[in-house]
Every structure is written in structure tokens, then in C-alpha cells.
Amino acid sequence: MKYNFLEIEKKWQKYWRDNKTFKVGISKKPKFYVLDMFPYPSGAGLHVGHPLGYIASDIVSRYKRHKGFNVLHPQGYDSFGLPAEQYAIKTGQHPKKTTQENIEMYRIQLDRIGFSFDWSREIRTSDPEYYKWTQWIFIKMFNSYYCHIDNKAKEINELIKSFEKNGDKQYKDYLDNLGYSFSRNEWKNFNEKIKSDILMDFRLAYITEGEVNWCEELGTVLANDEIVNGVSERGGYPVSKKRVKHWCLRISKYSDRLLEDLNKIDWPEPLKEMQRNWIGKSKGVSLTFEVENSKNKIEVFTTRPDTIFGVSFLTVAPEYSDLNEIINADNRVSIENYIKKVSIKSERDRLADVKIMSGVFSGSYAIHPFSGKKIPIWISDYVLGSYGTGAVMGVPAGDQRDFEFAKKFNLEIPNIFEKINITESAFSDKTGFKLINSEFLDGYDFNSALNKIITKIEENKIGKSKIQYKLRDAIFSRQRYWGEPIPIYYKNDLPVHIDEKYLPLRLPKVDNFLPTKNGDSPLGNSEKWAWDEKNKKVTTNNKIDNQSIFPIELNTMPGWAGSSWYFYRYMDPNNHKNIISEKSQSYWSDVDMYFGGSEHATGHLLYSRFYQKFLFDLGILNRDEYAKKLINQGMILGNSAFIYRKKGTSEYLSKNLIDKVKVEKIRIDIKYLIGENEVDIDLLKYDDKDFNKSVFHFDNGKFQCIRELEKMSKSKFNVVNPDEICDYYGADTLRMYEMFLGPIEQSKPWDTRGISGVHSFLKKFWNLFFTEGKLNIVEDEPSSESLKSLHKTIKKVTEDIEKLSLNTCISSFMICINELSSLKCNNINILSPLIILISPFAPHFAEELWFQIGNKKSIIDEAYPMYDNKYLIESDKNYPVSFNGKTKFTISLSLDLNVEDIKKAVLSNEKTILILNNKKPKKVIVVHGKIINIVV
RNA sequence: GCUCGAGUGGUGGAAUUGGUAGACACGUUGGACUUAAAAUCCAAUGAGCAGUAAUGUUCGUGCGGGUUCAAGUCCCGCCUCGAGUACCA
């Protein structure tokens, strides 16, 4: 019988489907939860890079199942959000339709690779039965606030009770900062609007007006993590600042817990580091400067209060809230011009202008809190409105930006560091200096100055120690169609949430779902988008009377709303009453292994931890972290091909001609390649009419291109489709080859040439069972060599799977099968455990062989073989004998010999005598069972 | 600039607590089978030098030092590449 993988794979995929082999439920067995980041169905289909993580997680799942665990290994689709919608827009179809089609295509592709997903638990974030709960969580956030006393989220009702009982007492500092102060009676007498406004400053989901990242091309607002290098992550479109009303999640309240709890989880260190940087905790002091001839004060945040006597100016951001109070009437016009100029700068321009300082003098002065000197107040966009207080103290001697600013505008640069030259640049080290010109801090170093000044500042009540975070609240509104509607309506302009009972608030039908350039949401195009408060249902817009029928929020939620909690829904996907049952949660608990890319470090992986902590605070979830262990699989890189064109012409040059002229790189589809890096010009000409007019320059009669490794992507024309590999070699070969490429967490190039080695390994394994097409196996006592080979392999493969070193597992399999082939082993007692051993890697292959040797049931629940040390014990060791550390020969000695006997044996060996040539060794080192080293 | 990670044959990559560097595979070369090709099997394969050969010998894990009987692995100083981040005061 031949290894007919196409037939075998089809047969077992059908068997698994018919027998619901991968369906799991709560049982007495211990649980193990293996999770993949679910895909967004993009329309381009899968390429060979996508399944890498899925294959690894599938191997672990199947392995754990053999080990006796009840394995939860679900899959679903992140089907709301920008990528799905962009694809729909590009192809001119409704996103509902394209999403459905893309999911179907994904499913076919995924099934071909033989994954053991329990599809009965499939979820889709765009399914109303799912997003009902995404909306439910939003309402919980809307109805919660962060209690700074207990350091956790609580229901907003408790806050209201506190206001009713104690007025602003418990939250005095916080309310002070917001400019509120009230007694309990005053609270009771506040009108609805004021109450709503005050509570809005506490809610974890809140609406606010402010500057956001606006992407005109996408027609929506973006969160910070959705912008890369000043352009949108999706599509690479420019992003600018815009003032709009939008919903936010108060994730910043969780900064410290998100940071601290990183210590609790086994996630890759680089990824944790990214989250730490993103959260960006820094310790410093906030410090108040009086403004001359004014009641106004300016609060700055600094991590270097020790440099206070180096202050020669203050700078505030153009967005600074009290800017108007500071502006001196004389300068008003030029200042307003400056602010206008700055605000229309795109994010990308700002990044490009980093080194060019700009700013304008406000016309006002502050008073130095210690020296009493007059300090000019400047306005500049090198200060960020959204970080700290939006104002900084300028210390040109100690900060490079302040230094450059001072130089540019001819401001004073007082030196406060003894014997340090600051004529060229600022000195920003925290060590190696003593302060001068600093009154009571003269002669102090960093640490002692810091202690002294903080005490002084607090004594004088002009500031206090403060911890500052970079993490900002997450912008939650998207002016797009394809997302979860926000379950809020506006009663007399005040936001009110739709009662949980009436969820889901379904996405309305609209004729035009395209995003608008002006920032209006496409949901506004719906005729039926008003809330009937009496009848508790959605109704048509023209009935809005602001008595009982009110407009509904037009923005939708961002893509990450649905993906921040999906792993819990898999535990109990069809629960209509609750987000998850207590029973399911206490059994499945949390994720044991989570596989996904590190590109989600500061997006999904941070938001989901925040959601987790929030739901934990409310007692809805039992744990405050959801994934014990995270594995970042690397990317598979594709081989992109380029040809060179003489700049501004349609003349194409080969690579040996490119040095002489200016050229531009033109990307071409790898399907035009013939051989290593030769291009089929006829194909090129045929495909792109531009090439017709072209002049080609040849190398040795052949047109050459150059190749570069890049992330695989349809837009780079370098994708390899897994279906092709499945057609040609089979899914089992694809699975094994992807693992064989290298360590799972590493990025590595795809090279189809190497695949034949894995494929012939499977054939070799297969051929051990058959002679001349017929099953030929024996059942007698196996030879000791074959037993040794088997047990060595069981040991190594088991250890390596536990370490997730899957590439070396495959090497071990190859070594074993090579050994058994030369032993001509066809003993069932050896081969049968090997089939189980390989089944997580090549499941169809294993099922078929398992069936061929006479088993009636699927191999999936067979107990994983155990190794027995007795087959592995060696009696001899082939010792390497080295002279001064250089190995010269090996000598086989019994492991029973003690060190002295070994020394004797080695020194009396004729090769030793020959090499020593009558010299006396200075020292002989014997490490038992390892090595012998003779020092001459 | 800052933070993190990585540099091993022609290629992807192996190498336990420091203990025979290059496992396994690709590629290449030679051979067997075949009318031929594919497939399969066998052998060689880090580089250099000497030898018909068995073999011997030198150099080799980015570079320069160091610790050690012994360093890809540990320490110090550099270089290069990759990822993340970017006016965060």
C-alpha cells in the first residue's frame, strides 16, 4: 500500500467531523486550555505563515489529550472591525456578505490542515448573540467607577450613595482637580446635567470631548496603538488631530495593576517589556509655579526636581487647558496663529519635525518658587498636552530638548553642574555630578539632592511626589459601520444606557455603510436608529420627540472590544442567560497556553488584561489574569522579488548594471520567477502593459532579479498558499515541515525546497509497515537496539514538546526512523507506540496507520507512551580524550570504572603514550561519564 | 536616541549545569536502479595544508581581550543585524 496522503487526509477529516472527535465538555479529567489568537477573515485567505501558531498549538493540544487531559482547543473569528470592513469597501460589497464568505473560505482552508478545533464552540464577534455580551460589558463599565480606596472597580451606585451621604468627602482630591466641591445637600439639589457630568468623570466608560487621532482616509478615530510611525496601522494613511466627542475606557486607572501583575504571568520577556514601556511609569514630583500679577498657577511634572535651580523658562503645550489665562494681550494674534499652525500638523509631520524646535512667548512670567526670579512662560508643541500636566519646567542645562529650545530662542542657560561643560549639549546623566548655583542644594549629588528638594517642596506646600504613567485612556468610538453599536441613547442630550435585558442592540440596516470624510458615523444613514423608551425597542428616526423616543449613539466599538474577552465565551458559548456559567468558569478556569503574535503586545494583549481585571473586580470572573503562559510564534518570511528600473524611464536593468545609474526597485510577483532569480520576461510583458515598451538588459542572456526576505503578505506578491502544499505533499507534511523550520518563536524564511526531506521521512516511516504493498508486521520480542531507539525517542520527544522545542522533536523522529530502517524493524511493539508519538504532528498519517494495524477506534485518546530507563542505560561510555582541551581520540570504557581506574586505562593506552612521547602529563582531569582531559 | 533580542558550514538550524561544535534536513558532488525522467537507495560534504590512500595536521561559533584543565556557552570592551518605541519632561 502506498502512502496516499490525499485520500487518507480526506478520509480522516471526514471521520473526525462525523464522529465529533474534537467536541469536549466538562468532565472528571483535568482540564487544559490551549488558545490561538482568532483570525480576522481578511479575504486574502491563508498563507503558509498563518497556520504556524495553529500547528504548534494543535500539537500541544493533541499531546495533552494523549496525556489524559480534557483539552479545550477552540477557534473562532474576529469578524468585526476595520480589516473586514476595508475589504468589503474595496470589493464594493456589504461587510456582512464578505465576512460570511471569507469565514467559509477560512474554514475550508483550516480544515484541510487537520486541526483538532472544537468547532461546536465557534464564536464570531460580529454575531449578535456574541456582541450582546460585548455590549453588556460596556454597560458594566459605564456603570462602574474606580475606587481609589479599595483600588478596584465598583458599581457607580456606591459612588452615588457616598455623594448622597458624605458629599465630596471621600473623593475630595480627585473632585478638587476637576473643579468640583459639594456637600451632600448640594449634591441632592444638583440638576440631572450636573450630576451626569460629575459621574461621567468617574465612569470607566465615559464620553468626552477632546483631541483624537483622526484618520480621514479611513474616516475614523484611531487608538494610539493603531497608529504606527504617524500613519494608520491599517493602510498606512495619514493621521491628524481633531477635536470630537468620543467614548473612552478609563484603562489608565489600571496602569499600576497592569504593570505589577506582569510578574504573575509566564509571558515572553520582550513582550512584557513592551507593555512596561507602553504603560511608562515614572516617578517624580508635581510642582506649582505662581504666575506674575495673576491668580493663575502652573503645575508642572518633573522627574528631576533636583535641577530646580536650573529652570530658566516654563513651557506649556498648545493644547494647555488654561492657556487663555496666560496669554498676554499684546501677543494674542501671533500666539493664536502659532496654535493654529501646530494643530493642523499631521502626526507624521510632527514626527518629522522632532528636531526642529518651534514656539512662541506667552507674554507672561512665572515666579521661581525658591529664588523668586521671573521666568518667561513659553508655548511650544514639544510639550504634549496629554502627558503629565501639559506644562514643563525648562532646565536647559539638564535636558537636551530644553537646551535646544533655549538655544533657538536665546533663553538663559544657567549651569548647575560643577565642572561640567554644557556649551554643546545638556548633561542629563543622573550620576557623576555635584550641583552648583543651587542655593541649599549646592554640593549635593543626584540622590541626596532629590531627597532634600522633595522634603522642601512638600514642606512649602508647593507640590508633592507623583507617579506618572504614559498609558492613556483608550479611545473607544469608531465612526464606522462594521462594529458593535454602543448601547447608549441620548435623553435630553445626557447619555443613558439601554437596559441589559434588551440587548443585543443590533446593527441597523443601512444603504450606505461607507465611512464619511467629515467624521459622521454611517449609522446615521439608517432610518431606523432611535430608542423607544416606553416600548423598549429600536424605532425610526423621524419619531424622535425627546419625550420618550431618543436618538441612539452613532459610533460603533473598535475591533478590540470583541477580542478582549472572547476566550471566556469559548468556555460556554451558547449560554443565553449569562456571559459564562459559574460551572463552566470554575472548570475551565483560564488559558493554560496562549499562542499568538507579538504585534498585539500593546493592543489586544493589554486591553484584554484590562477587561479581565475589570470583570474580576466586579466578581464576574474569578481570576485577574487570563493566560498563564503566552507563546509568541515568529513570522514566516516570504521571498519577495524585485527588478530594477532606471529612474524615470521604463528601462529595466539587471543587477550587475545597477551601480552605474539611479534606479528604482520594482516589486514583482514571485510567480514570474523561473528558477532561483531569473524572471520570465514574457510573463511580465503579458501581465503588465507597461513592460511592453520596456527595454531589458540581460546578464548572460537571462534577466535577473534580486530577492529579499519580507513578511508574507498578499500585497508583497510573495505568499505561498498552504493549499498548494497540501495538494502536493499533504497536510501532515506541511504541519511537520512548518515545525521543522526552526524554533517556534523565531521568524524564519519559507523555503519550499526543504519540504521534500520531511515528506520522504513520512514515506520512510510508512514503508516500515509494508512490503510489496502488503502490511507486513511481526509481534515477537523486539531487539534491544530497536527498544533503545524507541525509548530514547519517547524520552526526547516528550521533553521537547514540554519545552515547545518542536523542531528538535522532528529531528528525533527522523533519527529514530533512520535507525529502525537500517534495522529493518517491522515489529509492532516498536512501531505502535511510535504511531501515537507522531500523531500530534501528523494526525491523518497516524490515524491511518493505527487503523491499518487493526485498531477500530481513533488514536486521539490513546495513552501517550512512557519511556523506560532500563532500555536507555549504557554500560560503556565512549570517552573523548583531549590533550590541553583538544580532542585527539576516543576510548570506550565501562561506566563502572572509577576515576582512578579510568586514569590508569587512559595513561596506559598506546595512543596516549604515542602522543605524550615520554613527556609527563602535568594533570589528568576525568569527569566521570563525560570527558578526559590530559594537561601536558 | 532609548529598550529588548540575535550573530554557528553554501542554506534552515542542533549542541544538558562550561565537557567530542556543526545533530537533523536542504543543497551540492559521485554512484546504483531506469531506454529516459521521476521516485527510491548508497557514499562524500566546515575551510586549508600534506599524502595515491588509510591518515595526519592547522584554523574555525561576528571582532578584541579575560577567567578556566576545558568557552558557541561565563566576564569586560566593541561591531553588525532585527524588533519595539519615539519630543513621556
Side-chain angles (χ1 to χ4, degrees), chain A residues 2 228-230 268-278 280-282 284 300-305 307 315 317 350-351 353-357 380-384 386-395 398-402 404-405 428 468-472 598-599 601-602 632 634-635 709 736-737 740-743 745-761 763-764 767 799 805 807-818 821 878-890 921-927 929-936:
Chain A
K2 254 186 73 184
V228 179
N229 294 329
E269 206 44 51
L271 188 137
K272 287 190 188 180
E273 198 60 30
M274 274 191 240
Q275 291 208 346
R276 286 189 195 110
N277 290 339
W278 192 261
K281 181 177 182 170
S282 54
V300 301
F301 173 74
T302 178
T303 55
R304 293 296 303 275
T307 62
T315 315
R350 277 192 65 155
L351 287 176
D353 290 349
V354 162
K355 286 282 163 264
I356 307 160
M357 284 290 176
S380 169
D381 73 341
Y382 88 88
V383 176
L384 300 176
S386 50
Y387 180 75
T389 59
V392 301
M393 58 184 214
V395 184
D399 183 285
Q400 191 56 30
R401 291 155 302 172
D402 296 345
E404 277 159 27
F405 193 77
S428 52
Q468 188 68 48
Y469 297 93
K470 276 201 263 183
L471 185 66
R472 321 274 167 83
S598 59
E599 67 272 22
T602 52
N632 281 139
M635 278 181 302
L709 289 173
M736 293 199 82
Y737 181 57
F740 188 58
L741 276 174
E745 68 280 1
Q746 209 169 75
S747 288
K748 53 227 154 201
W750 178 260
D751 182 358
T752 311
R753 280 176 306 190
I755 206 165
S756 64
V758 172
H759 189 65
S760 43
F761 153 76
K763 281 198 274 192
K764 212 165 169 182
N767 287 335
E799 287 169 356
S805 172
N807 54 329
T808 51
C809 286
I810 309 225
S811 297
S812 310
F813 281 127
M814 287 173 169
I815 294 168
C816 178
I817 295 306
N818 285 346
S821 292
N878 203 20
Y879 282 96
V881 181
S882 51
F883 290 77
N884 294 335
K886 282 179 188 169
T887 308
K888 296 289 179 184
F889 61 93
T890 59
K922 285 188 193 136
K923 207 171 172 188
V924 179
I925 289 149
V926 174
V927 182
K930 287 234 162 110
I931 197 170
I932 299 159
N933 191 14
I934 298 169
V935 187
V936 195

Exercise. Contact class for A/D402 vs. all strands (heavy atom < 4.0 Å): base, sugar-phosphate, or nothing?
Worked result: nothing
Problem set entry | Pairing partner (Watson-Crick or G-U wobble, both distances under 3.5 angstrom) of B/A36 | none
Exercise. With both distances under 3.5 Å as the test, what is the Watson-Crick or G-U wobble partner of B/A83?
Worked result: B/U3
Exercise. For A/N277 and A/K470, does a side-chain donor sit closer than 3.5 Å to a side-chain acceptor?
Worked result: no
Problem set entry | Heavy-atom closest contact (A/A601 atom, A/Q275 atom, distance) | O-NE2, 2.9 Å
Problem set entry | A/T808 and A/S811: side chain donor to acceptor below 3.5 Å | no
For this session: Write down the distance between NZ (A/K272) and P (B/U85), rounded to a whole number of angstrom.
Result: 19 Å
Exercise. P atom, B/U80 versus B/A86: distance in rounded Å?
Worked result: 25 Å
Seminar exercise, completed: Of the listed B/G27, B/G12, B/U85, the closest approach to the A/S756 side chain comes from B/G27
Exercise. Can you check the A/I931 CD1 to B/U68 C1' distance for me, whole Å?
Worked result: 13 Å
Exercise. Taking the P atom of each, how far is B/U67 from B/U29, in whole Å?
Worked result: 47 Å
Exercise. Backbone N or O of A/V395 within a donor-acceptor pair of the A/D402 side chain at under 3.5 Å?
Worked result: yes
Exercise. When you measure from the side chain of A/R753, which nucleotide among B/C24, B/C26, B/A89 comes out closest?
Worked result: B/C26
For this session: Write down the distance between CD1 (A/I925) and C1' (B/C69), rounded to a whole number of angstrom.
Result: 3 Å
For this session: May I have the distance from A/Q275 (atom CD) to B/U85 (atom P), rounded to whole angstrom?
Result: 12 Å
Exercise. Any idea which of B/U40, B/A70, B/A23 is nearest the A/K763 side chain?
Worked result: B/U40
For this session: In whole angstrom, give me the gap between the C1' atoms of B/G48 and B/C42.
Result: 29 Å
Exercise. Are A/Y469 and A/W278 an aromatic pair by the rule of ring centers under 6.0 Å?
Worked result: no
Exercise. When all nucleic acid strands are considered with a 4.0 Å heavy-atom cut-off, which category describes A/V927: base, sugar-phosphate, or nothing?
Worked result: base
For this session: Answer with yes or no whether the side chains of A/S282 and A/Y387 bring together a donor and an acceptor at under 3.5 Å.
Result: yes
Problem set entry | A/Y879 or A/K923, whichever maps to the more 5' nucleotide of RNA chain B | A/Y879
Exercise. Taking syn as any angle within 90 degrees of 0 and anti as the rest, which one fits B/G18?
Worked result: anti
Problem set entry | Spacing of the C1' atoms in B/A89 and B/C79 (rounded, Å) | 33 Å
For this session: May I ask you to decide if A/G284's main-chain N or O and A/Q468's side chain share a donor-acceptor pair within less than 3.5 Å?
Result: no
Exercise. Which nucleotide, in any strand shown, forms a Watson-Crick or G-U wobble pair with B/U61, with both distances under 3.5 Å?
Worked result: none
Seminar exercise, completed: Rounded to whole Å, the CE-P distance (A/M274 to B/U85) equals 7 Å
Problem set entry | Given B/U20, B/C87, B/G13, the nucleotide with the shortest approach to the side chain of A/Y382 | B/C87
For this session: Pick the C1' atom in B/A25 and in B/A14, then give their distance to the nearest Å.
Result: 11 Å
Exercise. Out of B/C24, B/U20, B/U3, which nucleotide sits closest to the side chain of A/E273?
Worked result: B/U3
Exercise. More 5' along RNA chain B: A/I932 or A/T302, using each one's nearest nucleotide?
Worked result: A/I932
Exercise. So what does A/E269 hit on the nucleic acid, given a heavy-atom distance under 4.0 Å: a base, only sugar-phosphate, or nothing?
Worked result: nothing
Problem set entry | Residue A/S760, side-chain atoms from C-beta onward, closest of B/A15, B/G13, B/U40 | B/U40
Exercise. Which nucleotide sits closest to the side chain of A/W278: B/U85, B/C4, B/C26?
Worked result: B/U85
Exercise. Using atom P of each nucleotide, how far apart are B/A50 and B/G1 to the nearest Å?
Worked result: 48 Å
Seminar exercise, completed: From the candidates B/U58, B/C87, B/A89, the one with an atom nearest any side-chain atom of A/Y387 is B/A89
For this session: Check the distance between B/U11's P and A/N807's CG and give it to me in whole angstrom.
Result: 18 Å
For this session: Tell me the partner of B/A50, counting only Watson-Crick (N1-N3 plus N6-O4 or O6-N4) or G-U wobble (N1-O2 and O6-N3) with both under 3.5 Å; none if nothing fits.
Result: B/U55
For this session: Looking at every strand, decide which applies to A/S386 at a 4.0 Å heavy-atom threshold: base, sugar-phosphate, or nothing.
Result: nothing
For this session: Considering only atom C1', compute the distance from B/G13 to B/G65 and round it to an integer number of Å.
Result: 30 Å
Exercise. With a 4.0 Å cut-off on heavy atoms, is A/T887 in touch with a base, just the backbone sugar-phosphate, or nothing at all?
Worked result: sugar-phosphate
Exercise. Paired with B/G72: which nucleotide, if any, by Watson-Crick or G-U wobble criteria at under 3.5 Å for both distances?
Worked result: none
Problem set entry | Nucleotide nearest A/T890 when distance is taken to its side chain, options B/C4, B/A89, B/U20 | B/U20
Seminar exercise, completed: Against the side chain of A/S811, the closest entry in B/A86, B/C24, B/C4 is B/C24
Exercise. If the P atom of B/G56 is compared with that of B/U45, how far apart are they to the nearest Å?
Worked result: 14 Å
Exercise. Counting any heavy atom closer than 4.0 Å, what does A/N933 reach on the DNA or RNA strands: base, sugar-phosphate only, or nothing?
Worked result: base
Problem set entry | Base partner of B/A43, which must satisfy Watson-Crick or wobble distances under 3.5 Å | B/U29
Exercise. Does a side-chain N or O from A/Q468 land closer than 4.0 Å to OP1 or OP2 of B/A89, or not?
Worked result: no
Problem set entry | Pair assignment for B/G12, Watson-Crick or G-U wobble, requiring both distances under 3.5 Å | B/C24
